[in-house]
Amino acid sequence: MNEIAAPVSYDFAAAEPAWQRAWADARCFEVDDVPDAGRPKYYVLEMFPYPSGKIHMGHVRNYTLGDVVARYKRARGFQVLHPMGWDAFGLPAENAARERGIHPGTWTRSNIANMRAELQRMGLSIDWRREFATCDADYYGQQQRLFLDFLAAGLVERRESWVNWDPADGTVLANEQVIDGRGWRSGALVEKKLLSQWFFRITQFAPDLLAALDGLNRWPERVRTMQAKWIGRSEGARVRFPLDVPEAGLSDLEVFTTRPDTLFGMSFVAVAPEHPLAASVAARNEAAASFVAECRRMGTSEAAIETAEKRGFDTGVRVGHPFLPGRSFPVWIANFVLMEYGTGAIFGCPAHDQRDFDFATAYGLPIPPVVVPQGEDAATFAVTDRAYDGPGLIANSGFLDGLTNDAAKAAAIRALEATGAGNGVVNWRLRDWGISRQRYWGCPIPIIHCAACGVVPAPLDTLPIRLPEDVSFDRPGNPLDHHPTWKHVACPQCGGPAARETDTFDTFVDSSWYYARFCSPNADVPVTRAAVDGWLPVDQYIGGIEHAILHLLYSRFFARAMCETGYLAVREPFAGLFTQGMVTHESYRGADGRWLYPEDVERRPDGSAVARHTGETVTVGRIEAMSKSKRNTVDPGAIVGRYGADTARWFILSDNPPERDMEWTEAGVAGGYRFVQRLYRLAQGSAGEAPAFPESFGPDAMALRRATHRTIALVTASFESFAFNVAVARIYELAGAIADADKNVNDYGMKFARREAIETLARLVAPAMPHLAEEIYASLPGTSGLVANAAWPEADPALVAAQSVTIAVQVMGKLRATIEAAPGAPADAVIAAAAAEPNVARLLDGKRVVKRIHVPDRIVNFVVAP
RNA sequence: GCGGGUGUGGCGAAAUGGUAACCGCAUCUGACUCAAAAUCAGACGGGGGCAACCCCUUGCCGGUUCGAGUCCGGCCACCCGCACCA
């Protein structure tokens, strides 16, 4: 990094804190819990941060984007709710406690203090009075109350279930937190384990969560697609196959299929290793038991990676077939059948399903074809190399013969329903949300377990159930569980000895309703109706794409659940969603292969790089997302210290479109810094006197005024569409136009035009560079108050309208000349002028013009005969 | 495999179906300076031509259109998400 050696005219280090104080003193960004009915509201929210200790560039980008929107909307006359808080529960605090003996609360509070100061240095327009952390008892106590209301409303249930067990963290993970068979945080291989767990019944809302995606037209298409796939609706049938001999207390085996049209092509039935029937067989058959145990070891991990090999175990159990009386089929345990999907059992139709085909081939099972593609003969068609899963006519299928797939599906379902052997159903991929975590640093689940009364909700007047402070992390497992006294309480029902639930909520619960709490953060109920009715939904939510599924789906569920329990009227919490790209940087490695921080590397003009202190040669690696492991991070604090917050914000906005990944470069920041200084210097030229509106303007002054008003219109349009980089380009142009004008006459009209341009510039850059904007605005004569409270500039339509337009002249679609014309000039005159252009006339000479295209103020195109 | 996205100068990029490359970064040249930095001015997709001008160029091939970066069809590459979902 190069030091800025030049004499600095704008002292951002003094100005930025001063303006931040001025905004705080004027309470510019504070709004009421209940918005004014008379003014439009706008709720801007960025995903709140986990208090890891320091902000990173991803935060800077996220909060800069949100702040620009908030300040812009405020200038446009909206009352803007723009809050900030902390997603403060979670495992890192416990890790810090184990590793360094710091209490998780102490660690978290000190991180929050640090990060709050860093965010405040960015000059964000936040109503800090609304700040809270999810580890505040005021917050998580209300969350406990929500849970109890959800429980009473039938939205929560407790059940035994196979869970994903993270042996490294000693906790349960949701399916969504298992990535490639590994814990999303620890990276440890996940095992299957049977535990009693609390579940939010999110599947109740599956149809609504899917259908409502259509209405979220201010969400990125890909996020909606990801959610739709995650919810995973599929139409099919449940089919019951009678067991020849009852097994596991079952007289039949239930299967889900989307292909009831291929029921006559059945070759076998297969159940998941976790299926009760598999357990029952394993109980009396050692070989089956060892197969099941092997599958469990593989868990979701190896299986996901080694997708190829299909393995199974023939249980010896046999089932009948609803359409084929007298026939019987084998029941296998198969490693590719998922207990979590459908009924945990399938019927195998190898001819028309590739997985079943692979399995049947491996174990020598029959492959009877029942769907005949067009052009094939039912008598001779056979499936040999791979399954045929395309369309065709049904054959070898009794009453279904000759039907199309769709007709056969319907007919098969009718037949199943008539005999009671099955029925048509819609199946969902979405699973209920398991929320129990065996951890200390989370919100305690407000439940008491009594030997006599069973599961008893904690009485409302005992909330919040606070975490105990005196906990030890000197042994593995959950400190709440081995706390000497905390969990021992009297049963609220019978008064006998009972124990608190020692599990805490998944931290995704904490972040599923914080947007609602921000509306009335100090209420002694979870939310107050007038506040949430006034402010929700969030008009613009901004954050990373990594939360496209989990956090957003859970929040959508919570809004629905809070509607059902009377807290909200809004079922969709986020009307608009913007997903920003990542911040990337070059990575560097020393000769010995270790990663180097950018601040320790010097780029040479020839493109090579050396270590700043040792001079050793450095290899420049890929440009990738900033990460601690690659050490390609840049500390926002250092950047703000060296260049100021406005420069950092400006560079972030100017570099590229915000939804794309941006590359953080030293040259880019330095460029932003130069513009900050340039703007400041330009503004000095209009200090000192306040010109009144002149009687007339010279041509140069008029040109500058037109540039000013055109810029207002263009920047406004760009802001509306999140095209901040385009807005920046237009602002650069206006700055250039002022500098150009300074070379010309400086009459009275020009003085006015120049001052108007400078003031406009200050207001236009205010959302992006709020401190500099105030500094400039205050230096101009005739201004008063803060830009933060000023209205957005209005473009004068008369000055925006072009005085003359450049019309492209084409011959046969190729550009041959341009002409100037008055806007709206009649077609005849424009075409005549175009034809008179020497270059055009030359090309038209001797040719027959068959068509003259004229698009007003745009283009003339002559089409000539060949 | 399925779904989504992206592909334009050295780089980040711009462009209601209507002058492709605005603006910035980097680079080069000039002014200022003893000198450098900063600042200011200019050049900057490729090729041809003394010039006027001409040709080529938005991943590739084709189509629609007076006109395509933009719309349609088919490929290629890369990125992201999901993935034994029955």
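We use all heavy atoms of the structure for the numbers below, so side chains are in, but hydrogens, waters and symmetry mates are not. Below, read A as the first sequence line, B as the second, and so on, with proteins coming before strands; counting in each chain starts at 1.
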Task: A:V863 vs A:E663, nearer the 5' end of RNA chain B by closest nucleotide - done: A:E663
- [ ] Assign each of A:Q810 and A:K743 to its nearest nucleotide of RNA chain B by heavy atoms, then name whichever residue's nucleotide is nearer the 5' end.
- [x] A:Q810
- [ ] Rounded to the nearest angstrom, tell me the gap between atom CH2 in A:W428 and atom P in B:rA86.
- [x] 13 Å
- [ ] May I ask you to check whether A:F329 and A:F241 place their ring centres under 6.0 Å from each other?
- [x] no
TODO: Examine the base of B:rC66 for any acceptor or donor lying under 3.5 Å from a partner atom in the side chain of A:R852, and report the outcome as yes or no.
DONE: no
Task: Partner nucleotide of B:rC75 by Watson-Crick or wobble geometry (both distances under 3.5 Å) - done: B:rG59
Open item on the list: Looking at A:R311, I'd like to know whether one of its side-chain N or O atoms comes within less than 4.0 Å of OP1 or OP2 on B:rC84.
Closed with: no
Task: Check: B:rC84 base within 3.5 Å donor-acceptor of A:K310 side chain - done: yes
- [ ] Considering just the side-chain nitrogens and oxygens of A:R660, establish if one lies under 4.0 Å of OP1 or OP2 belonging to B:rC80.
- [x] no
- [ ] Check every atom of B:rA86, B:rG18, B:rC23 against the side chain of A:R858 and return the nucleotide holding the closest atom.
- [x] B:rG18
Task: Shortest non-hydrogen contact between A:N656 and A:R61, atoms and distance - done: OD1-NH2, 3.2 Å
Open item on the list: Taking A:Y680's backbone N and O only, do any of them form a donor-acceptor pair with A:Q684's side chain (distance below 3.5 Å, no angle check)?
Closed with: yes
